[in-house]
Amino acid sequence: MIRQFSFRLKPRPRGCYLVTDEVLSHLPRPLPEAGLLHLFLQHTSCALTINENADPDVRTDMTAIMERLVPDGEPYYRHTLEGADDMPAHAVSSLLGASLTIPITDGRLNLGLWQGIWLTEWRNARLPRTIVATIIS
């Protein structure tokens, strides 16, 4: 069986955020005993990734790393209509990706002990973000 629905994450400023619990709060219960959860982010200036779920310093460091790799306001950016943070947000979104697929085992997400779902937001404005979730069982 395939179930599909969408939901919005609360708006956040630029940075990396652990959103596992927020995502879980939008999923129908119970989850299947076995299957897949696919999450697709309908935006081009933020990303989803799986990373550290315990130490918030990892999220702070990842934000700093990405801002150094793709800084705002470079003079060679041509896409600047929405501000100095727009093109870098698109670049980081492409580097990290807009979707995740997570196995479901024994009725729960089968993430590793130290893994969590991150929303990485790269615009300075606080924008709501929409995720399309597909559960395959």
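When reading the values below, keep in mind they use all heavy atoms of this one structure, side chains included, and skip hydrogens, waters and symmetry mates.
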Calculate, to the nearest 0.5 Å, the distance between atoms [atom1] and [atom2] belonging to [X] and [Y] respectively.
X: Asp85; Y: Thr80; atom1: CG; atom2: OG1; value: 11.0 Å
X: Leu37; Y: Leu31; atom1: CG; atom2: CG; value: 7.5 Å
X: Leu81; Y: Met87; atom1: CG; atom2: CE; value: 12.0 Å
X: Glu52; Y: Gln115; atom1: CD; atom2: CD; value: 10.0 Å
X: Phe7; Y: Glu22; atom1: CZ; atom2: CD; value: 7.5 Å
X: Glu121; Y: Cys16; atom1: CD; atom2: SG; value: 10.0 Å

I'd like to know whether CZ of Arg108 has more than 12 heavy-atom contacts from other residues, nucleotides or ligands below 6.0 angstrom. no
Within the supplied structure, the quantity of interest is the number of heavy atoms (other residues, nucleotides, ligands) at a distance under 6.0 Å from Arg78 CZ; does it exceed 12? no
Can you name the side-chain contact (heavy atoms from CB on, under 4.5 Å) partners of Glu33, sequence neighbours left out?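 Residues passing side-chain contact (heavy atoms from CB on, under 4.5 Å) with Glu33: Asp106.
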side-chain contact (heavy atoms from CB on, under 4.5 Å) involving Pro128 - partner list, sequence neighbours excluded: Arg8, Pro11
Checking Ile136, Leu27, Ile135 against Ile104 for side-chain contact (heavy atoms from CB on, under 4.5 Å), the one that qualifies is Ile135
For a side-chain contact (heavy atoms from CB on, under 4.5 Å) check, start with the C-alpha distance between Leu96 and Met66, then their side-chain angles and the critical distance, and finish with the verdict. CA-CA 10 Å; Leu96 296 179; Met66 289 298 157; 3.9 Å; yes
Backbone N or O of Cys46 within a donor-acceptor pair of the Ser93 side chain at under 3.5 Å?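 Side chain of Ser93 to backbone of Cys46: a pair is present.
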Kindly say whether Asp55 contributes a backbone atom to a donor-acceptor pair with the side chain of Trp114 at under 3.5 angstrom?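 Looks like no, no N/O pair under 3.5 Å.
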Taking all atoms of both residues into account, what is the closest heavy-atom pair of [X] and [Y], and its distance?
X: Pro56; Y: Ala54; value: CD-O, 3.2 Å
X: Phe5; Y: Pro28; value: CZ-CD, 3.2 Å
X: Val70; Y: Leu95; value: CG2-CD1, 4.2 Å
X: Asn110; Y: Ile102; value: N-CG2, 4.2 Å
X: Ser45; Y: Ala89; value: CB-CB, 3.5 Å
X: Gly116; Y: Leu111; value: CA-CD1, 4.4 Å

Are [X] and [Y] linked, directly or through other ILVMFWY residues, by side chains that come within less than 4.5 angstrom of each other?
X: Leu100; Y: Tyr17; value: yes
X: Tyr76; Y: Leu69; value: yes
X: Ile117; Y: Val132; value: no

Report the C-alpha separation of Leu109 and Val23 in whole Å, then their side-chain angles, then the decisive distance to 0.1 Å, and conclude whether the side-chain contact (heavy atoms from CB on, under 4.5 Å) test is met. CA-CA 11 Å; Leu109 299 184; Val23 168; 5.6 Å; no
Would you check, one step at a time, whether the test side-chain contact (heavy atoms from CB on, under 4.5 Å) holds for Leu41 with Leu119? CA-CA 9 Å; Leu41 187 59; Leu119 170 71; 4.0 Å; yes
Contact between [X] and [Y] at the side-chain level, heavy atoms closer than 4.5 Å - yes or no?
X: Arg123; Y: Glu82; answer: yes
X: Trp118; Y: Ile50; answer: no
X: Arg12; Y: Val19; answer: yes

Steps toward side-chain contact (heavy atoms from CB on, under 4.5 Å) verdict (Phe40, Ser99): CA-CA 4 Å; Phe40 176 76; Ser99 67; 4.1 Å; yes
Out of Thr63, Asp72, Thr120, which residue meets the side chain to side chain donor-acceptor pair (under 3.5 Å) rule with Arg14?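 Result for side chain to side chain donor-acceptor pair (under 3.5 Å) with Arg14: Asp72.
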Look at the aromatic rings of His79 and His90 and report parallel, tilted or perpendicular, splitting at 30° and 60°. tilted
